[in-house]
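Take a look at the structure below.
Lettering follows sequence order; numbering is per chain, from 1.
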Amino acid sequence: MLRFILLILLIAASCKRKHEQQPDIFSLKEMSDLATVEYTVTKIIKANDNKTWFKAGERKILMSCEAHIKAGIDMGSINRNNFRIDGKNISVQLPLPKVISISIPAEKIKVEYQEVGLFRDPYKAGERDQLAAQAETQIKNSIDSLGILQQAKANTSLFVSNFLKRLGYENINISYSGKQSPLDIP
Amino acid sequence: MRRRRLRTLFGVAAIAFVSIWLLQKINVLPTLREIFSPKPLVIDETPVLIKEIRSIGQLITATLYDEVVVDSIEITKGSRFVRSFNAIVPFRILPSADKQIVLVARGKVLAGTDLNLLADSSMKISGDTVWLQLPRTKILDAIINPSGYEIFVENGNWSPQAVTAVKLKAREKMIDHAFEQNIIDKASMKTKAVMEDFLHAAGFKIIVLSE
């Protein structure tokens, strides 16, 4: 019995926490993304700080934020093999669209209302940022349901078609290939 | 008899201790630290509403990932008194009462070309040769999201508007860094390379690009 308990204790103590991955800072990266659609979305950030039992009184805050989400395709993965040309007819196979960027500008985050109890401190900037960061995560998680990738597909087709028309092609056929990767938002 | 009772008591206490410890380890029971630490502030789930959908044609060809530190100090009546008092005594007695904020901002600057600005006159075609005058390469976006900010020092009460002004300063600083790193030249070169590859693949043999 004692050996069993010791074994469990040893296994539990040896569990290590995962380290968070940090993005590369101070690096200039080349890319080739063609953004064809920009969504502007809004969200209300609502929080009530009344869950801590030893803090008397509550604090409520209501903020609003606006985010800009851009989507499009990676032009870098297009090569000669993606084109079929026959006189004035052209067929292009493009990579599937992806989310290119999400931006929540600081000036678009506004405190609409706040109520702070008599025995409580007002919200600090760090706390407000923390709430906005949670909203950022919620916005990222909801991107799939906004239909931005479908819209990016339609806009990219239109953009590339118009460009190829200006290059002299008359019949343009655009298709997409590749695997739709899970939303990996940069 | 007494010894036996003591041993039983000890055994029960040991089993209870190990059980509680294990239950805390698998998050069934809260730890003492959890009981006496403030609960994290969690926002409610609210819908994301689409305000606008805009067609764009931005070719993003360079991104600078950066981290900057910005600060702001406001001298209040109280801090003015502390400063004057410290100035007349031989060494600093009172701690600073200035309103101060220092923040670290992590984000990225995107540069490239707005292909929507391509005019009809910017493209000329003759056989398998194409002349293309690309719009000027520029900074398309400077992004610092809420998760990219870390408030390092916050003394005094800072209004949301004052904090936003400091954050805008961080964004400006990041854009300045991007210019120092020649982001425009690098983005311009990459734009030309991407367009050249695309036009070659689209069947053109001679491509003349200018900006």
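- Interface residue A:Ala135: backbone and side-chain heavy atoms are both found under 4.5 Å from chain B.
- The residue among B:Lys190, B:Lys167, B:Glu154 with the most heavy atom pairs within less than 4.5 Å of chain A is B:Glu154.
- Counting heavy-atom pairs under 4.5 Å between each of B:Leu64, B:Ile151, B:Thr63 and chain A puts B:Thr63 at the top.
- Contacts between A:Ile139 and chain B at a heavy-atom distance below 4.5 Å involve backbone atoms as well as side-chain atoms.
- With a threshold of 4.5 angstrom between heavy atoms, A:Arg128 approaches chain B through side-chain atoms but not through N, CA, C or O.
- Note on B:Leu118, B:Val130, B:Ile101: by heavy-atom pairs under 4.5 Å with chain A, the leading option is B:Leu118.
- Looking only at heavy-atom pairs under 4.5 Å with chain A, the residue among B:Glu150, B:Lys124, B:Gln181, B:Arg171 that has the most is B:Arg171.
- Ion pairing between a basic and an acidic side chain is recognised when a charged N comes within 4.0 Å of a carboxylate O; A:Glu58 and A:Arg120 show no such pairing.
- Within a 6.0 Å sphere centred on CE of B:Met123, heavy atoms belonging to other residues, nucleotides or ligands number more than 12.
- There is no contact between B:Asp197 and chain A, counting heavy-atom distances below 4.5 Å.
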For side-chain hydrogen bond (donor to acceptor under 3.5 Å, both in side chains), just list the numbers for A:Lys60 and A:Gln114, CA-CA rounded to whole Å, side-chain angles, deciding distance to a tenth of an Å, and then say yes or no.
CA-CA 5 Å; A:Lys60 285 177 182 174; A:Gln114 60 178 324; over 6 Å; no
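- The line from OG1 of B:Thr61 to CG of A:Leu34 is 11.0 Å long, rounded to the nearest 0.5 Å.
- Proximity to chain A is absent for every atom of B:His177, based on heavy atoms less than 4.5 angstrom apart.
- Within the 4.5 angstrom heavy-atom criterion, only side-chain atoms of B:Val194, from C-beta onward, approach chain A.
- When ring centroids are compared, B:Phe198 and A:Phe83 come within the 6.0 Å threshold.
- With a 4.5 Å cut-off on non-hydrogen atoms, B:Ile60 touches chain A through its backbone and its side chain both.
- Neither the backbone nor the side chain of B:Thr191 comes within contact range of chain A; no heavy atom of the residue lies under 4.5 Å from a heavy atom of that chain.
- Distance check: B:Leu132 CG to B:Leu115 CG gives 8.5 Å after rounding to the nearest 0.5 Å.
- Looking at A:Glu38, the atoms closer than 4.5 Å to chain B (heavy atoms on both sides) sit in the backbone and in the side chain alike.
- Counting heavy-atom pairs closer than 4.5 Å to chain A, the top residue among B:Val42, B:Leu110, B:Asp141, B:Asn157 is B:Val42.
- Heavy-atom pairs under 4.5 Å with chain A were tallied for B:Ile183, B:Ile50, B:Ile53, B:Ile43; the largest tally goes to B:Ile43.
- With a 4.5 angstrom heavy-atom cutoff, B:Pro160 touches chain A via backbone and side-chain atoms both.
- A cation-pi arrangement, defined by a distance under 6.0 Å to the six-membered ring centre and an angle within 45 degrees of its axis, is present between B:Lys99 and B:Trp158.
- For B:Met195, the part lying near chain A is the side chain, with the backbone staying farther off; criterion is any non-hydrogen pair under 4.5 Å.
- Judged by the 6.0 Å and 45° rule, A:Lys29 forms a cation-pi pair with B:Tyr65.
- Applying side-chain hydrogen bond (donor to acceptor under 3.5 Å, both in side chains) to A:Ser64 and the options A:Lys43, A:Lys110, A:Glu112, A:Lys46 leaves one that passes, A:Glu112.
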Start with the C-alpha distance between A:Tyr39 and A:Gln151, add both sets of side-chain angles, then the distance that settles side-chain contact (heavy atoms from CB on, under 4.5 Å), and finish with yes or no.
CA-CA 10 Å; A:Tyr39 269 47; A:Gln151 190 62 47; 3.5 Å; yes
